[in-house]
Each structure stands twice: as structure tokens, then as C-alpha cells.
Chemist: 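Got a structure for you, written out below as C-alpha cells; questions coming shortly.
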Amino acid sequence: MPVAVQGIRKAFPGTLALDGVDLTVGAGEVHALLGANGSGKSTLVKTLTGVYQPDAGTIDVGDRQLRAIGSPTEAGELGIAVVHQESPLVDMLTVSECVALFRGYPTTGGRVRWKQLHCETAQLLERFDVRVDPRALAGLLSPAERALVTLAIALDRVSAGLQLLVLDEVTAALPEDQAQTYLERVGELARAGTPVLTVTHRLGELHGLATHVTVLRDGRVVHQDRAGAVDDEALVRLMVGGDPAAAAQAAPAGKAGDGAGEAGATDVPTATAAGVPTATAAGGARPAAGEGARLWTGRRGRGGERVLAVRALAGEVVRDASFELRAGEIVGVGGLAEAGVAELPQLLSGAARRTGGSIEVDGRPLPPGPDPRAAIDAGLALLPADRLRSGGVASLPVRENVVLPDAGRYWHRRRAERTALRHVIEDLDVRPPSADALFGALSGGNQQKILLAKWLLVGPSVLVLDDPTQGVDPGARATIFSLLRAAAAEGLAVLLFSTELEQLVSMCSRVLVLRDGTVAKQLSGDELTRETVSKWCYA
Ligand SMILES: Nc1ncnc2c1ncn2[C@@H]1O[C@H](COP(=O)(O)OP(=O)(O)OP(=O)(O)O)[C@@H](O)[C@H]1O
């Protein structure tokens with residue numbers, strides 16, 4: 001029996017998050033749930049997993065028809081497993097200990113039976129074909145291993161027969177090759193009969209995996225069909241607005257894959273859907289055009305001047321990394337987190353202390369750190385990967401978040417502050433269009449727009465972006481990239497760290513590939529293709 005929701009409605013104060021949603025996931029199906037930030041995807045997932053109870057509608061699970069699922073525990077008892085992007089594994093514990101946090105420790109006479117724990121963990125991992133040593137420290141697992149252990153724990157927690165596996169943006173933070181490994185396993189589970197509902201902003205990863213697609217917009221279903229019925233560009237338009245019927249007609253089946261290929265295949269994405277949507281494809285989105293560069297207050301007209309010089313940089317993982325950046329360049333950085341990609345933004349921005357080498361911004365040497373203020377003052381800003389923990393202050397309104405790094409500039413200058421905020425909200429199409437909205441209550445895409453605007457207003461010579469489109473919908477991506485391009489055309493130098501190869505290839509004139517902590521290769525011109533970047537990053 002499939003899992004089905006009918007007529008689901010859920011309102012929050014001032015927002016109708018779900019408005020009569022119908023959706024069915026049958027045995028062996030992988031149903032992709034797509035939509036722009038704020039379209040209602042998480043609310044639907046939370047309704048299915050017992051976090052929220054709907055105001056109206058019914059939920060069928062197997063042969064039971066329910067008005068609501070009362071709690072996450074009840075969802076587990078009904079056979080609904082959910083995996084979120086944030087893994088519950090604790091870095092300092094072994095895999096067995098992480099599993100014990102959910103299953104409990106086997107004990108006799110108050111003493112933990114460690115052998116039994118490892119043995120039971122090994123059996124659990126084997127059951128889901130996860131090849132990881134139970135004694136390994138969780139913090140030393142690769143991102144894909146971590147995600148697979150998390151998947152095994154989620155599946156194990158379902159006490160009844162598995163009725164539905166819900167994946168909530170699980171691959172958002174995984175590098176592309178590791179996401180593929182993960183999705184191959186999901187494909188295997190689906191082929192063995194498990195119904196899967198997957199939420200993602202990465203359309204490329206659905207090719208060959210998804211069998212059905214539902215697009216939500218403003219809480220309503222605007223498209224529901226077999227995967228491949230419309231192509232990726234049409235899906236993007238359906239997500240962000242425009243006329244759905246026209247969008248569907250304009251783009252018949254073709255590019256989006258027909259579900260017949262290898263699970264997790266990623267060789268079909270269009271530049272539009274996979275990484276850098278164009279203004280046209282984004283349809284209703286309002287990407288910043290030339291005037292978007294007005295947000296960047298840095299020095300203009302420096303065409304090609306060297307703004308960043310990194311020499312023999314070393315940290316804990318990074319070693320002997322050297323490269324330069326010129327005004328107006330957009331340069332990408334690819335590679336595995338453990339190759340130094342996770343550490344390099346921290347070293348450049350002064351968030352972590354370097355152990356060797358030098359960093360110069362506009363000819364000014366930075367101290368070894370940690371000293372982020374010195375980097376900002378010299379003209380280098382970082383948009384970090386973790387928006388809520390290190391990017392913005394969730395409990396403060398948009399206004400404070402925007403002016404925070406440069407509060408002195410707006411001190412007793414209310415009009416300047418108002419003008420800056422108006423430009424931010426207009427140029428970046430921030431929704432809701434209010435400087436008083438709480439930052440933490442905005443969708444991921446809108447949070448990222450605010451953080452980008454905040455740093456552009458400071459006017460750095462170099463802006464380092466660490467995976468800026470994680471969990472960001474195609475419309476917001478278009479806006480963000482369009483604004484970056486406009487600012488780069490005026491002279492901003494951009495260093496773009498991304499887990500999405502397509503993004504590196506389509507946004508950057510040059511890509512640095514990190515391996516073993518050092519810049520192993522620089523790719524540009526004809527050499528800069530998905531295949532070569534992938535080969536250098538992951539082979
Ligand atoms: N607890 C809540 N209280 C008030 N409003 C909420 C709450 N949860 C969600 N909303 C609102 O409901 C709407 C749908 O939000 P939801 O989080 O479901 O969207 P989403 O499609 O998952 O977005 P994203 O891609 O950013 O995760 C949004 O307008 C959001 O602001």
C-alpha cells in the first residue's frame with residue numbers, strides 16, 4: 001500500500017504553508033518534492049513525520065487512514081523513516097556509540113558490553129549494506145559514509161515495516177561524487193520496494209533516480225507527473241513562477257532524464273538546473289541586473305590588479321598552497337573537504353590560525369590569526385557555509401544583520417541605513433520585503449541573499465564564498481549569481497568554493513583544485529569542463 005496525503009492544509013500565523021496538497025508515493029517509487037524556498041516542502045515533510053499536524057486533509061499509511069500523525073515517534077511506529085541534512089552522529093564517538101545513542105547500550109550488571117555493541121552495530125550496517133568499521137570515530141568518516149550511517153540509523157528506528165523513507169535535503173552538503181554514492185544506495189532501496197520521498201534543490205541528481213516529481217509553489221501543487229514529463233528548465237520555471245501550463249508546453253520531455261538510467265547518474269544536468277540558473281530560466285525570480293552592483297561599495301575600475309596573494313599557506317590540512325586573485329575575477333575552488341577545501345576559507349578569512357605562509361590583501365599582509373577583523377579591515381570577507389551558526393544572527397532582524405559588520409558607517413545616519421536596506425531588499429528581491437523580519441525566520445535562500453548583501457555593502461576587494469547555494473532554490477541562486485557577476489564586472493574579486501561542479505564550470509574563469517592540502521591543478525579555458533574538474537577533484 002502506498003503512502004498518500006490528500007487535501008493537506010496547514011496554516012501558520014500570516015502564512016498558508018500548505019493549501020490542499022495531494023501526493024502519493026507508491027512501492028518502489030522515488031518521488032521528488034521540489035519547490036522554491038518557502039514553498040512548503042519542509043512543512044509537508046514535517047506533516048508526514050509527525051512534527052506538525054495538518055489543519056485539514058488525510059494521510060494514508062498502508063491501510064490506515066489518519067487525520068494526523070501525532071508525533072515523530074508515532075511516525076516511526078507507522079513505518080515512516082526520515083533523514084535530515086544534519087547528521088545526528090557525534091564526531092568524538094565511535095560509530096557503535098552513535099548507534100547506541102538511539103538503540104541504547106547493551107549492558108550486564110551496569111557494565112557496557114562493548115563487543116556485543118560493536119557486533120550488533122556491524123550487523124545493522126551490514127543489513128543496509130554500509131561498509132563502515134563500527135569502531136571508527138564518526139568524525140573521521142567521509143561525508144558519504146556519515147550520511148549512509150545516518151540512513152541506516154533512521155531505517156533501524158522504524159519499528160514497523162518500512163512504509164516510506166523521507167530524505168530532506170540529505171545531499172545538500174555532500175560533494176557531488178559522494179552524493180552519487182549515497183543516491184545509488186537510495187536507488188537500490190527503492191528498487192527493492194521502499195517508497196522514497198526526496199526533497200532537493202539539486203535537480204541534476206534526480207536524473208535516473210526519481211520516478212515522479214511534484215512541484216510546490218506557495219503551498220500548492222503546480223506540477224505533478226512522472227519524472228521527465230517536463231525538462232529541468234521548465235521545472236525551474238514552475239518552481240519560481242510564470243505560467244505553469246506554458247512552461248510545461250514550452251519544454252516537453254527530453255533533458256530531464258526518464259528514470260531509466262543508472263541511479264544517481266549526474267551526466268545530464270543542464271547548466272541552468274544543475275548549478276547556475278539563468279535569469280530567463282528563473283522566470284519569476286528577479287535577478288539583480290547591472291544595477292545590482294550598486295550594493296558593492298568597493299573600489300572600482302582596478303581591472304586586473306592583483307588583490308590577493310597567497311604564498312605557501314599552511315594550516316592543519318592545507319600545506320604549501322599558493323595562488324593569486326585579480327580584481328574582477330571569479331575563481332573557483334574544488335576538491336574534497338579533507339583535501340583542504342573545508343579549511344582554506346577559514347585560513348583566508350582569519351577564522352583559523354595559519355601555521356605557515358603568508359596572505360596579502362591589496363598588498364597588506366594579514367596576521368597569522370585567528371583574527372577575522374584584520375581580514376575584513378584589509379578587504380577580505382567570507383560568506384561561510386553555515387548560514388545560521390556562523391553567517392547571521394537568527395534572533396535579530398534583517399536590519400541588524402545587514403549593518404552589523406559596518407555599524408559605524410550607519411551610526412546616526414538613518415537615511416543612509418534606510419537607503420542601503422531598500423537597495424538590499426529590492427536588488428535581491430528579499431521575501432518578505434521587510435527589514436524588520438527576523439533573520440532566522442527567513443527561508444535559506446533569503447538568508448543567503450541578506451548575508452551576501454551585508455558583505456557587499458562592506459566593500460571588500462575579495463569575497464570568499466563557501467558553498468553559497470546549499471539549500472538555496474533556483475530563483476534565489478539566479479539572483480545571487482547575477483549579483484556576483486555584476487559586482488565582479490565592477491572589480492570585486494570572488495573566490496567561490498562549491499561542491500557543485502556545474503557551478504564551478506559555469507561561474508568561474510579559473511578553478512583551483514585542492515588535493516592533499518595543496519593547489520594540485522589550475523583549470524581554465526578549454527580545460528575547464530565538468531569532466532576535468534571532477535577528474536582532478538575526485539579521481
Ligand atoms: N513554524 C512556522 N511558523 C510560521 N511560519 C512558518 C513556520 N514554518 C514554516 N513557515 C512558513 O511557511 C511557509 C513554508 O515554509 P517551508 O519551510 O515549509 O518551506 P520550504 O519549501 O521547506 O523552504 P526551504 O526550501 O527554504 O526549506 C514559509 O512561508 C515559512 O515562512
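In this text, all values refer to a predicted model and were calculated from it rather than measured experimentally. Ligands are counted one by one from 1 in listed order, and the atoms in each one are counted from 1 as well. When a residue number appears, it is its place in the shown sequence, counting from 1.
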Chemist: Identify the closest protein heavy atom to atom 21 (O) of ligand 1: which residue and atom is it, and at what distance?
Modeler: K41 NZ, 2.8 Å

Chemist: Can a donor-acceptor pair be found between the side chains of T47 and Q53 at a distance below 3.5 Å?
Modeler: no

Chemist: Count the heavy atoms of every other residue, nucleotide or ligand shown that sit under 6.0 Å from CG of D19, and state whether that count exceeds 12.
Modeler: yes

Chemist: Would you say S443 and ligand 1 have an N/O pair spaced under 3.5 Å apart?
Modeler: no

Chemist: Decide, yes or no, whether a salt bridge links R399 with E417 under the criterion of side-chain N to carboxylate O below 4.0 Å.
Modeler: yes

Chemist: Determine, using heavy atoms of G35 and all atoms of ligand 1, whether some pair is separated by less than 4.0 Å.
Modeler: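 Contact absent.
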
Chemist: Nearest protein heavy-atom contact for atom 24 (P) of ligand 1: which residue, which atom, what distance?
Modeler: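 The protein heavy atom lying closest is N37 ND2, 3.5 Å.
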
Chemist: Any idea which protein heavy atom is nearest atom 4 (C) of ligand 1, and the distance to it?
Modeler: F12 CB, 3.3 Å

Chemist: For atom 31 (O) of ligand 1, what is the closest protein heavy atom, and at what distance to 0.1 Å?
Modeler: A441 O, 4.2 Å

Chemist: Could you go through residues 143-150 and list every donor-acceptor pair under 3.5 Å that involves a side-chain atom there, pairing it with any protein atom two or more places apart or in another chain?
Modeler:
from, atom 1, to, atom 2, distance (Å)
E145, OE1, S142, N, 2.9
R146, NH1, D91, OD1, 3.0
R146, NH1, A138, O, 3.1
R146, NH2, L89, O, 3.3
R146, NH2, D91, OD1, 3.1
T150, OG1, S87, OG, 2.9
T150, OG1, R146, O, 2.7

Chemist: Regarding R185 and E188, does a basic nitrogen lie under 4.0 Å from an acidic carboxylate oxygen?
Modeler: yes

Chemist: Can you find a side-chain donor-acceptor pair between T200 and E205 that sits under 3.5 Å?
Modeler: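 Yes - a donor-acceptor pair under 3.5 Å links their side chains.
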
Chemist: Taking 4.0 angstrom as the limit, do E500 and R530 come out as a salt bridge?
Modeler: no

Chemist: For atom 23 (O) of ligand 1, find the nearest protein heavy atom and state the residue, atom name and distance (0.1 Å precision).
Modeler: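 The protein heavy atom lying closest is G38 N, 2.7 Å.
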
Chemist: By number and element, which atoms of ligand 1 are closer than 4.0 Å to a non-hydrogen atom of G444?
Modeler: 26 (O)

Chemist: Return the residue, atom name and 0.1 Å-rounded distance of the protein heavy atom closest to atom 18 (O) of ligand 1.
Modeler: T43 OG1, 2.6 Å

Chemist: At less than 4.0 angstrom from any non-hydrogen atom of S39, what atoms of ligand 1 do you find?
Modeler: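 Counting from 1, the qualifying ligand atoms are 19 (O), 20 (P), 21 (O).
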
Chemist: Show the atoms of ligand 1 that are less than 4.0 angstrom away from any heavy atom in A36.
Modeler: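 Answer, ordered by atom number: 21 (O).
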
Chemist: For atom 29 (O) of ligand 1, what's the nearest protein heavy-atom neighbour? Residue, atom name and distance, please.
Modeler: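 I find the closest protein heavy atom is T15 CG2, 3.4 Å.
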
Chemist: Regarding T479 and D429, do their side chains bring together a donor and an acceptor under 3.5 Å, going by distance alone?
Modeler: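 No, no side-chain donor-acceptor pair sits under 3.5 Å.
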
Chemist: T214 and side chain to side chain donor-acceptor pair (under 3.5 Å): which partner among H223, Q224, K41?
Modeler: Q224

Chemist: Quick check on contacts: which atoms of ligand 1 are under 4.0 angstrom from a heavy atom of H201?
Modeler: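 Those atoms are 25 (O).
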
Chemist: In the protein, what heavy atom is nearest to atom 12 (O) of ligand 1, and what distance, to one decimal place, separates them?
Modeler: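 Ranked first by proximity to atom 12 (O) of ligand 1 is A17 CB, 3.5 Å.
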
Chemist: Below 3.5 Å, N or O to N or O, backbone or side chain included: is there any such pair between Y52 and ligand 1?
Modeler: yes

